[in-house]
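Here the structure comes first, spelled out in structure tokens, and everything after it is commentary.
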Protein chains: 2
Amino acid sequence: MNIGAAAEATGVPPKTIRYYESIGLIPPATRAENGYRHYTGFDIETLKFIQRTRHLGFSVKDVGGLLALWHDKDRTSASVKALALNHISDVEQRIQELDTIRKTLIDLTERCHGDDRPECPILDEFATSD
Amino acid sequence: MNIGAAAEATGVPPKTIRYYESIGLIPPATRAENGYRHYTGFDIETLKFIQRTRHLGFSVKDVGGLLALWHDKDRTSASVKALALNHISDVEQRIQELDTIRKTLIDLTERCHGDDRPECPILDEFATSD
DNA sequence: CCTTGACCTTCAAGTCACTGGAAGCCCATA
DNA sequence: TATGGGCTTCCAGTGACTTGAAGGTCAAGG
């Protein structure tokens, strides 16, 4: 499988696969005689693993940690769970922040007429000196 | 007011103020004889405006737009509201994504024993080929 | 008078996670 | 044989700063 086919199979774009190789997230791909990168079953599974965990918002660093745990047959499920719980708390904090922002903005937009006059409580709020 | 005092007064760090100047979000500060940047009332209000809008998650580009509208006495409140509504929809979409992630992760962690054995449904899920 | 420490200045580079583009080789098909 | 696509590398750009280095300025204490 060339890099394009691997990208197709995993959802990770060719540029991104090369990038992951360059930062050491995945080992250097084996090369065909013409210098093309070559991917087989395990490489594909690894890329899918990366794609799923990235899609769940884990940082690339954390994905590296998860890959290491995946390969470590002596891992404890507690260590995996700890990483996941940590990430959940990050996600929940971010949701909280965004929800606060959302509420503020909705309040402001409800108070703004949204017509062709310049008076605007949204700008007023941004400009008030508290 | 030197840059440090302006930072203190607005919550925008000195480095960030210089950065905003460098990208043209704020005009170049006037300088004292020794070359130090000098800030007065209006500059401070502008920096506070920026801080509030950035804190609400507007991009620096959007903040530039809001500043322009703030200074434009012929603006329409509709144009401000449109920017805000757009941002709300971005925020809500992001919240949706994060909530989906959150639900998935919570489900996985609940199914993981989190003990000293290696079996882990979290990793199993990340590794499954669907 | 000198030193110390806290300011301030600039410019370059690092962060995160890619993404885009340029220049050039490789390969299958019409 | 020409064309078009895929592959290679490397460099630069994104967003929004942050860090660090090297050096100028200023007020206070010994």
Side-chain angles (χ1 to χ4, degrees), chain A residues 1-26 28-40 43-44 46-47 49-67 86-87 90-91 94 97-98 101, chain B residues 1-26 28-40 43-44 46-47 49-67 86-87 90-91 94 97-98 101:
Chain A
M1 243 182 185
N2 286 343
I3 199 168
E8 189 86 3
T10 62
V12 184
K15 284 256 180 192
T16 307
I17 297 176
R18 291 191 198 99
Y19 169 70
Y20 286 158
E21 184 181 312
S22 81
I23 61 168
L25 182 65
I26 51 177
T30 57
R31 302 289 182 128
E33 285 191 5
N34 58 13
Y36 287 15
R37 286 177 183 79
H38 189 238
Y39 299 89
T40 47
D43 306 318
I44 300 299
T46 299
L47 285 169
F49 183 105
I50 292 172
Q51 184 72 343
R52 291 190 196 101
T53 49
R54 286 289 299 134
H55 192 73
L56 286 170
F58 286 96
S59 68
V60 168
K61 190 160 170 290
D62 278 353
V63 172
L66 289 167
L67 280 173
N86 239 316
H87 185 47
D90 287 353
V91 167
R94 188 75 192 116
E97 290 165 7
L98 287 173
I101 287 172
Chain B
M1 241 183 186
N2 286 343
I3 199 168
E8 189 86 3
T10 62
V12 185
K15 287 262 181 190
T16 307
I17 297 176
R18 291 192 198 100
Y19 169 71
Y20 286 157
E21 184 181 313
S22 81
I23 61 168
L25 182 64
I26 52 178
T30 57
R31 301 289 182 127
E33 287 190 5
N34 58 15
Y36 287 15
R37 287 176 181 78
H38 188 238
Y39 299 89
T40 48
D43 306 317
I44 300 300
T46 300
L47 286 169
F49 182 105
I50 292 171
Q51 184 71 343
R52 290 190 196 100
T53 49
R54 285 290 298 134
H55 192 72
L56 286 171
F58 286 97
S59 68
V60 168
K61 189 159 172 288
D62 278 354
V63 171
L66 288 167
L67 280 172
N86 239 316
H87 184 46
D90 287 353
V91 167
R94 188 74 192 116
E97 291 166 5
L98 288 173
I101 287 172

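Just so we're clear, the structure is a prediction, and the values are computed from it rather than from any experiment. In what follows, chains carry the letters A, B, and so on, assigned in the order in which the sequence lines appear, proteins first and then strands, with residues in each chain numbered from 1.
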Reckon [X] has a side-chain N or O less than 4.0 Å from the OP1 or OP2 of [N]?
X	N	value
A/Arg31	D/dT9	yes
A/Thr16	C/dA17	no
A/Arg37	D/dT9	yes
B/Arg18	D/dT18	no
B/Ser59	D/dG15	no
A/Asn34	C/dC27	yes

- Residue pair A/Arg18 / A/Ile3: nearest heavy atoms and the distance that separates them: CG-CD1, 3.6 Å
Quick one: [X] [atom1] to [N] [atom2], roughly how many Å, whole number?
X	N	atom1	atom2	result
B/Glu8	C/dC7	CD	C1'	13 Å
A/Ile3	D/dC7	CD1	P	7 Å
B/His38	C/dT9	NE2	P	12 Å
A/Tyr36	D/dC7	OH	P	7 Å
B/Ile50	D/dC17	CD1	P	10 Å
B/Asn2	D/dG24	CG	P	19 Å
B/Tyr39	C/dC8	OH	P	10 Å
A/Glu33	D/dT8	CD	C1'	16 Å

- Task: Look only at the side chain of A/Thr30 and the backbone of A/His38, and say whether a donor-acceptor pair between them is shorter than 3.5 Å.
- Result: yes
- Check the pair A/Glu8, A/Met1 against side-chain contact (heavy atoms from CB on, under 4.5 Å), reporting the backbone distance first and the verdict last. CA-CA 10 Å; A/Glu8 189 86 3; A/Met1 243 182 185; over 6 Å; no
- Message: Counting distance alone, no hydrogens or angles: does the base of D/dG15 have a donor or acceptor under 3.5 Å from a partner atom on the side chain of B/Tyr19?
- Response: no
- Query: Hey, does the side-chain of B/Lys61 have a donor or acceptor N/O within less than 3.5 Å of a partner on the base of D/dG15?
  - Reply: no
- From B/Arg52 CZ over to B/Leu47 CG, what is the distance, rounded to the nearest 0.5 angstrom? 11.0 Å
- Quick one: CD1 on A/Ile17 to OH on A/Tyr39, what's the gap to the nearest 0.5 Å? 5.5 Å
